[in-house]
Number of protein chains: 2
Amino acid sequence: MVSGSDGGAGQAARPRRADAQRNKEALLDAAAAIFVRSGVEAPVRDIAAAAGVGTGTIYRHFPTRAELIIAVYRHQVEACAEAGPALTASSASPYAALGGWISLFVDFLITKHGLAAVLQSDNADFATLHSYFLDRLVPVCARLLDAAAAAGEIRSDIPPIELMRGVGNLCIGASGNPDYDARRLVGLLVAGLRLPQ
Amino acid sequence: MVSGSDGGAGQAARPRRADAQRNKEALLDAAAAIFVRSGVEAPVRDIAAAAGVGTGTIYRHFPTRAELIIAVYRHQVEACAEAGPALTASSASPYAALGGWISLFVDFLITKHGLAAVLQSDNADFATLHSYFLDRLVPVCARLLDAAAAAGEIRSDIPPIELMRGVGNLCIGASGNPDYDARRLVGLLVAGLRLPQ
DNA sequence: TGCTAAGCGGAACAAGGTTCCGTATCGTTA
DNA sequence: TAACGATACGGAACCTTGTTCCGCTTAGCA
């Protein structure tokens, strides 16, 4: 659930004052709404204005833009991570589980306008965002990859982190672009993993 | 030297004054050097300083940062475009020609720190850069793709532009990153194109 | 040797992220 | 319930980066 907004592993402590807690939630709500409308690159000032707070308030709750983005998508990243083992259990084969999970990840990325781009940016400001995604999801991917490799369905020489970054990269610029179907390209990539029977 | 420096298709006219021409060349040389050292995202001011000119001078010769980048890489993009037909003639099969050409393109991109990222950015400022690359290279790619599809070696449902963008995306963040081998991933993608014999 | 269009430099502007600090407010305590 | 100190707030100010503007300089021609 993560409902209480935090309490998770490396998350900042809940504010002591009720108004601060309210502002934090207003900020998360406003940011989520604006990210949908304008993408994750929306200016901090716009988010602050939508939440009815000053820019300083954003920075007290979220030390950088990247942390705000992480907080907004934390639930969904968690859900994606948790779907890994579930898919292993419910799929016909390890390869099918891998494909299903990657498809989930792709759906997540391409519905978040601009997220994929910011994720791969080598801009130091987004290092936190980058590592959060990777730390949480790479191990899940690694398990799926290992299982499929162990079953002899795919090559075993692709590092999980490389596959994740590749998939992430393929999702860049996919939102609402009629002549770029990221799903299809990721499909190609995953097909390329297969070993000949 | 950047020799003739222009005279190409849609290029701006050569300046009337000798000093202007010298500045333009100094700018191209300085930009090339800085792009190697700091990547294509280097600030305009740094490039101007390195060339020993004011920022205004950059903008007279290159209306935007993107046009400067285009000018710096024009030769290499041309060379890449021209390699397409050559590979078709010299390769064992259409599929081999396609693979060889894409490999050339990937080498070009990953040796240009940050170019791939800026290429795919949906930032309107780089639309010119984006379209220059696409206009010049997509037709070349299309021919290679068509030939391989006609020979029955690969699927025929992937639009050339999509493949190009996919390959470009996979090259993002590849420069000097030890745990991301873009060449390998592009190899996977191209392998995914194959039809079973 | 002048004249003038072409070209130059860099200050100024816009936009975006982040920091700072005086002020307002919460929540506790007397 | 009134006062007080810690907590939080707002938004002006700062920094960086792309781009524009404009008064001054100079190449090239007559």
J.: Under 4.0 Å between a side-chain N or O of A:T57 and OP1 or OP2 of D:dG10?
T.: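 Yes, within the criterion.
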J.: Donor-acceptor check, side chain of A:T55 to backbone of A:R45, threshold 3.5 angstrom: yes or no?
T.: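 It does not hold such a pair.
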J.: Starting at the 5' end of DNA chain D, which residue's closest nucleotide do you reach first, B:D19 or B:P43?
T.: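 Upstream on the strand: B:P43.
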J.: Rounded to whole angstrom units, what separation is found between the CZ atom of A:R65 and the C1' atom of C:dG16?
T.: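 A:R65 atom CZ is separated from C:dG16 atom C1' by 9 Å.
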J.: Between P on C:dA6 and CD on B:Q21, what's the gap in Å once rounded to a whole number?
T.: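 Distance check: B:Q21 CD to C:dA6 P gives 16 Å.
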J.: CZ of A:F62 versus P of C:dG17: gap in Å, rounded?
T.: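 Distance, rounded to whole Å: 15 Å.
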J.: I need the CD1-P distance between B:I58 and D:dT17, as an integer number of Å.
T.: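 To the nearest whole Å, that distance equals 14 Å.
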J.: Identify which nucleotide among C:dG17, C:dT19, C:dG7 has an atom closest to any side-chain atom of A:T55, counting heavy atoms from C-beta outward.
T.: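 Closest of the options to the side chain of A:T55: C:dT19.
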J.: Could you check B:A20 against A:A42 and say which one's nearest nucleotide on DNA chain C is further toward the 5' end?
T.: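 Its nearest nucleotide lies further toward 5', so the answer is B:A20.
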J.: Examine C:dG7: is either OP1 or OP2 under 4.0 Å from a nitrogen or oxygen in the side chain of B:H61? Give yes or no.
T.: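 So the side chain of B:H61 is outside the cut-off, no N or O lying under 4.0 Å from OP1 or OP2 of C:dG7.
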J.: May I have the distance from B:R22 (atom CZ) to C:dA6 (atom P), rounded to whole angstrom?
T.: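 So the two atoms are 18 Å apart, to the nearest Å.
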J.: Applying the 4.5 Å side-chain criterion to the ILVMFWY set and letting contacts propagate, would B:I172 and B:V77 be lumped into a single cluster?
T.: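 Shared cluster, no.
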J.: Tell me whether A:R184 contacts the main-chain N or O of B:D157 through its side chain, where contact means a donor paired with an acceptor under 3.5 Å.
T.: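 Looks like yes, one N/O pair under 3.5 Å.
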J.: Nearest of D:dA8, C:dA12, C:dT18 to any side-chain atom of B:R45?
T.: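 Closest nucleotide among those given: C:dA12.
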J.: Please check the phosphate of C:dC8 (OP1 and OP2 only) for any side-chain N or O of B:N23 closer than 4.0 Å.
T.: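 Indeed, a polar side-chain atom of B:N23 lies that close.
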J.: Touch check for B:A48, heavy atoms < 4.0 angstrom, all strands: base, sugar-phosphate only, or nothing?
T.: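 The answer is nothing, as B:A48 stays clear of every strand by at least 4.0 Å.
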J.: Does B:L87 offer a backbone N or O that forms a donor-acceptor pair with the side chain of B:S91 under 3.5 Å?
T.: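 It does hold such a pair.
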J.: Could you check how far CG of A:L27 sits from P of D:dA8, rounded to whole Å?
T.: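 Answer to the nearest Å: 14 Å.
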J.: If you compare every side-chain N and O of A:R17 against the phosphate oxygens of D:dA8 (OP1, OP2), does one of them come in below 4.0 Å?
T.: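 For A:R17, the contact criterion (side-chain N or O under 4.0 Å from OP1 or OP2 of D:dA8) is not met.
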J.: Starting at CG of A:D46 and ending at P of D:dG10, how long is that distance when rounded to a whole Å?
T.: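 It works out to 16 Å between those atoms.
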J.: Is the closest side-chain donor-acceptor distance between A:S93 and A:E153 under 3.5 Å?
T.: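 Yes, because at least one side-chain N or O of A:S93 sits under 3.5 Å from a partner of the opposite role on A:E153.
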J.: Of all the nucleotides listed (D:dC9, C:dT18, C:dA11), which has the minimum atom distance to the side chain of A:Y59?
T.: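 That would be C:dT18.
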J.: Among C:dG16, D:dT7, C:dG7, which nucleotide sits nearest the side chain of B:R60?
T.: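 The answer is C:dG7.
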J.: By nearest atom, which of the nucleotides C:dG7, D:dG18, D:dT19 is closest to the B:T64 side chain?
T.: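 Among the listed nucleotides, the one closest to the side chain of B:T64 is D:dT19.
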